[in-house]
Structures are given as structure tokens and as C-alpha cells.
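Okay, handing you the structure first.
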Amino acid sequence: MAAELTAHQLIAQHRPTLDLALETIRTRAYWSPHPEHPKAYGANGSLDTAAGKAAFDALAGTRLDLGQPGTDGWVGGEVSPYGIELGVEYPHADLDVLLPAMQAGQKAWRDAGAELRAMVCLEILKRIADRTMEFAQAVMHTSGQAFMMAFQAGGPHAQDRGMEAVAYAYVEQSRTPETAEWTKPQGKRDPLALTKRFTPVPRGIGLVVGCNTFPTWNGYPGLFASLATGNAVLVKPHPRAVLPLALTVQVARDVLTEAGFDPNLVALAAERPGEGIAKTLATRPEIRIIDYTGSTAFGDWLEANARQAQVYTEKAGVNTVIVESTDDYRGMLANLAFSLSLYSGQMCTTPQNLLIPRDGIRTDQGAKSYDEVTADLARAVDGLLGDDARANALLGAIVNPDVKARLEAAAGLGEVALASREVTNPEFPDAVVRTPVIVKLDGAKPEDEAAYTSECFGPVSFAVAVDSADHAVELLRRSVREKGAMTVGAYTTDPEVEEAVQEVCLDEAAQLSLNLTGGVYVNQTAAFSDFHGSGGNPAANAALCDGAFVANRFRVVEVRRPA
């Protein structure tokens, strides 16, 4: 079949965007080609909010036939955290048929070269961006995110992260020239002369193991990093969050077909209830790259058992904020309250432990005791979420029963500074919505240590009383080294404390935010500029996104011959 999208068309349309992305990852400045406000959508072929909602509603009760080989049945059963059944069915694959079909297209994809692969990936992202409002609904009703967060994090921010991975992939592949003329002088003898060709070659099939909370934001970096470096990609979504990634696969297959490539370079592996195919897939010889976001237990299992694959994991960590002093007490409280509340704390970057000196802190409003700080923070969260409409817009819904159980159990771990309350969602009465709980613990008591040194994923935070700033820094170091952290925060006006915290984060490879009091929060990162995770502590073995995240997804093979 003749390509409907020629290489010339793709390069003309997308090369300027790639060049901007390349410049931005060099300068680390702000840039995004994907608008963050819903009002920007509805022109130039993109869906506006109403059209996106209608497109999502039209999916209910349908069968999403991707045209994949080896389909041996249909699976579904997603129920939104907001209480509605999605009713979408997806193809179930016979892996012995699907995986060889995926491998068949890799030669032409490899031979296309790094630039054309990047252009095809950017066209996929452009098509996804045109359907951002539809994807926002899909992310909302599989993750439990409130609509605005599902729109931003599941739409433009996820697309930015995918494009960032494409840019890094292009940089690493183009680092080596395609050809070289090599001449070695031999004195009086004729020189030795060779012509050399260098070709980036894929490792094999990449497996993306999707997560429940951020299916696109966490899924797109690995998907596009592997695809842009020449690999076929099999997407295995979380059973409760299939739709956003299934739609992604559908778009990718359409674009690959139109560009003249085998659509089976991207495929979906949905599973039957309780089937647990991630372990089966992870150890198959055809799978050579794995991207995973989720629990530490399964991440550790992948690293230990998927020996044939290059494994990239983002697991669990214990995120910590040291509160030592501040020159903007009100701003600090507001910033922390928002960070603890956003998406009900169901983010791998949400602060869990707040280390506060038991003798109190210095502020622009005078000295504040440990009890005053925790009480004032509780009031800040309560004030932020006091209006149910605003609470629903920030909290979203509890994503699964395990999070709800941890939230309820946390109140028994210590003195409760802020009790969680139930919030009613008038639009979705079956949604489980809860405000955060803040529990007071003592960093000097061994009986409290088990609580604050373990990850408690969800809207649970511990206000841990520490003996001093030095004690806080010591606990931070031990926590990051032993448990890992995706984020670290600190509030201090003391240069020595700031230096000590910074040294811990440099030593233990943890990303640090200092004295955030405005509209930037410790649990948010910007593509093209901020690194999500570091790959240097137990919370994750990779960073989104850096050169190391893409460089080992391909190898360079050299062919040399006499000139």
C-alpha cells in the first residue's frame, strides 16, 4: 500500500517542532507545544470539551477493534472510580501470534532512520493532541483524577513527556554520524582507507506496563522512547485503566499505516480478570525492553527476573519535606496544603513525611511551635477543601479500595492533626472522595518509625517531630538511601541547613525543591526542563527524561569496507 503520509510531508510538518524540543532540552527553559487550557481546543481539527465528552460517551458499550493479529477473544470490565461502567471491550491476544507479527515490521522501521521515526512519533502525538478532550475523559474515568487534572496531566503534560522522549531519542541516535571516511597514514606505504556506516539498531520489542493512576503521563515516555529508537512496542495497560492506552495504540497504528509502516509495530495486550500476563510477557525472549510504573515489589521482581530485557522502573518512595524555618509562613502553608491535597495524594511525588523540629520553627510571623505548625497546616488544608465543589475539583476520586483502606488505617497510627472527611460528588454520587489525613508522629520513638519509614500511598501525611535540623537531615538521608524518594522539599532560611539538605540530595540522588511558596509545587514537574526521578535511589532506576533513559534502547552496528 502506498504511504498516505510521505517522509517529505512529515518532515515539513514536524521538523520545526522537533528542533524546538531539541533546543529546549538543551536550555531547560519553559516550552510546550500543547496548550494547558481547555479554551485553546476546538480549532484546527481538535475536539473541544463538549465534542471530547461526546466522543468518550460514544465509546460506552463498544468493541475497540484494533485489527491486531492473534486476537482470540475480547476483554473489558473497567469501572470508573466515579462509579460508572465503561463497557468497552478490547482484543485479547494470542502472544504466540502477536509477538512474531510485531517483529516482522522492525526491519523497515529500523531502515527508516532516526529522523523519519521521530517525525512519525510526532504525528502520533499530534493526532492524540487533537483528541485531548476525549483522552481527558478517558483518563478521568480510569484514574479518578478530577477533570482539569485529567485534562492537563493526561493530555498536554503527557504529550510533552512523550515528545521529550522523542527528542532525547533523536539526540542519542544522531550522536554518531551515519557514515565516515576513515584514513590511516602508513608512512611510505599507501594509507589504509575504509568507508564506515553506522546504523542504530533496535533491541527488540519494548513492553510498557501501564499504571492505574497516570496511564498516559507515565506510559508515554517509555512508549515513545522505544518506538523512536526503532523498537516495536507492546502496551500492557493496568486492568482498571485500559482505555487511555488502548486509544493511544489505535492512533499509533493508524499513523504507522498511513506512513507506510507495519501497524503491528504498536499493539495492545489487554488481559482477562486475574490473568496477570505482565510476568508472562516480562520473561518472554521477544521482550527486550520493559517500562514499568507501580509497586516496589513488582518492580524489584522485574529487575531480578526479566534478565533478557533492559528494565526501566519507577517504583515507590518516601517523599520528605523538611520544615525548619520560612520567611513566608502563610505561603508555605498554602503550598503544602495544595501539594497534600492534589489528586488525593495519589501521586508518586506527593510529600508523605513532614519533618518539623519539636522545639518549633522561625517564621515571618514569629516563632511557631511544632503543635502550632501542624495545627496551622491542618487549618490550611481544611480551608482549601472546605467548599465541596472546590474539594472535588482538587481531590478527584480514590482510585481503588487499597488506597481507601490505607487512609482509614492511618488514623490509628498516632495523634490525628487533621481527620479525613467524606466529600459528596453531586455529579457522581458513587465516587469515593476523601480529604487528606495528617497524623502526628515522633521521630525519636522507635514505635513510630515503622509508619513514617514505609510508603503510605494516598492522602496520608505524617507530621514527624524531630529533635533538630540535624536530626531532620539525618532522617532524610536514611530515608532516601533505604526507601528512595521521587521528591524532596525543604523550607529554611538558614544557609547551613540549606547546604546540608542539598548535600544529602546530591549524595543520594534525589530531586530537591527549596522554599516553594507560590504556584509551583513539589509534586509537579515540567517536561523539557525538570527531571522526574533521578534513577539514583531506590524509588526509580530511571529518570524522565534524560539520555540514559533512551540510549540503551538501541545499539549502533558498524559496517566497514575498503574505500
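Side chains included, hydrogens not; waters and symmetry mates left out as well; all remaining heavy atoms used.
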Donor-acceptor contacts, no H, no angles, side chain residues 396-405, under 3.5 Å, sequence neighbours left out:
{"residue": "Asn400", "atom": "OD1", "partner": "Asp402", "partner atom": "N", "Å": "3.0"}
{"residue": "Asn400", "atom": "OD1", "partner": "Val403", "partner atom": "N", "Å": "3.1"}
{"residue": "Lys404", "atom": "NZ", "partner": "Glu408", "partner atom": "OE2", "Å": "2.9"}

Report all side-chain donor-acceptor pairs from residues 259-266 shorter than 3.5 Å, counting only partners two or more places apart or in another chain.
{"residue": "Asp262", "atom": "OD1", "partner": "Asn264", "partner atom": "N", "Å": "2.8"}
{"residue": "Asp262", "atom": "OD1", "partner": "Asn264", "partner atom": "ND2", "Å": "3.3"}
{"residue": "Asn264", "atom": "OD1", "partner": "Arg253", "partner atom": "NH1", "Å": "3.1"}
{"residue": "Asn264", "atom": "OD1", "partner": "Arg253", "partner atom": "NH2", "Å": "3.0"}

side-chain hydrogen bond (donor to acceptor under 3.5 Å, both in side chains) filter on Lys279, not counting sequence neighbours, yields none

Taking side-chain hydrogen bond (donor to acceptor under 3.5 Å, both in side chains) as the definition, give me every residue that meets it alongside Arg240, ordered by chain and number, with sequence neighbours left out. Asn212

Counterpart residues, salt bridge (Lys or Arg N to Asp or Glu O under 4.0 Å), relative to Asp130 (two or more places apart): Lys126

Any donor-acceptor pair under 3.5 Å linking the side chain of Gln173 with the backbone of Ala169? yes

For Phe298, what residues pass the ring pair (Phe, Tyr, Trp, His ring centres under 6.0 Å) criterion, not counting sequence neighbours? Tyr292, Trp301

Please list, chain by chain and in numerical order, all residues satisfying side-chain contact (heavy atoms from CB on, under 4.5 Å) with Asp546, sequence neighbours excluded. Phe531, Ala543, Ala548, Phe549

Using side-chain contact (heavy atoms from CB on, under 4.5 Å) as the criterion, list what pairs up with Cys348, not counting sequence neighbours. Glu314, Met486, His532

Output every pair passing salt bridge (Lys or Arg N to Asp or Glu O under 4.0 Å) with a member in residues 82-106, not counting sequence neighbours, ordered by first then second residue. Arg63-Glu89, Asp96-Arg284

Among residues two or more places apart or on two chains, list those pairs meeting ring pair (Phe, Tyr, Trp, His ring centres under 6.0 Å) that have a residue in residues 142-171. Tyr41-Phe151

Indicate yes or no for a side-chain donor-acceptor contact from Trp109 to the backbone of Leu227 under 3.5 Å, with no hydrogens or angles considered. yes

Determine yes or no for a side-chain-to-main-chain donor-acceptor pair under 3.5 angstrom, with Arg131 supplying the side chain and Ile128 the backbone. no

By ring pair (Phe, Tyr, Trp, His ring centres under 6.0 Å) - contacts of Phe457 (at least two apart): none

Which residues share a side-chain contact (heavy atoms from CB on, under 4.5 Å) with Arg272, sequence neighbours left out: Asp72, Val75, His92, Glu275

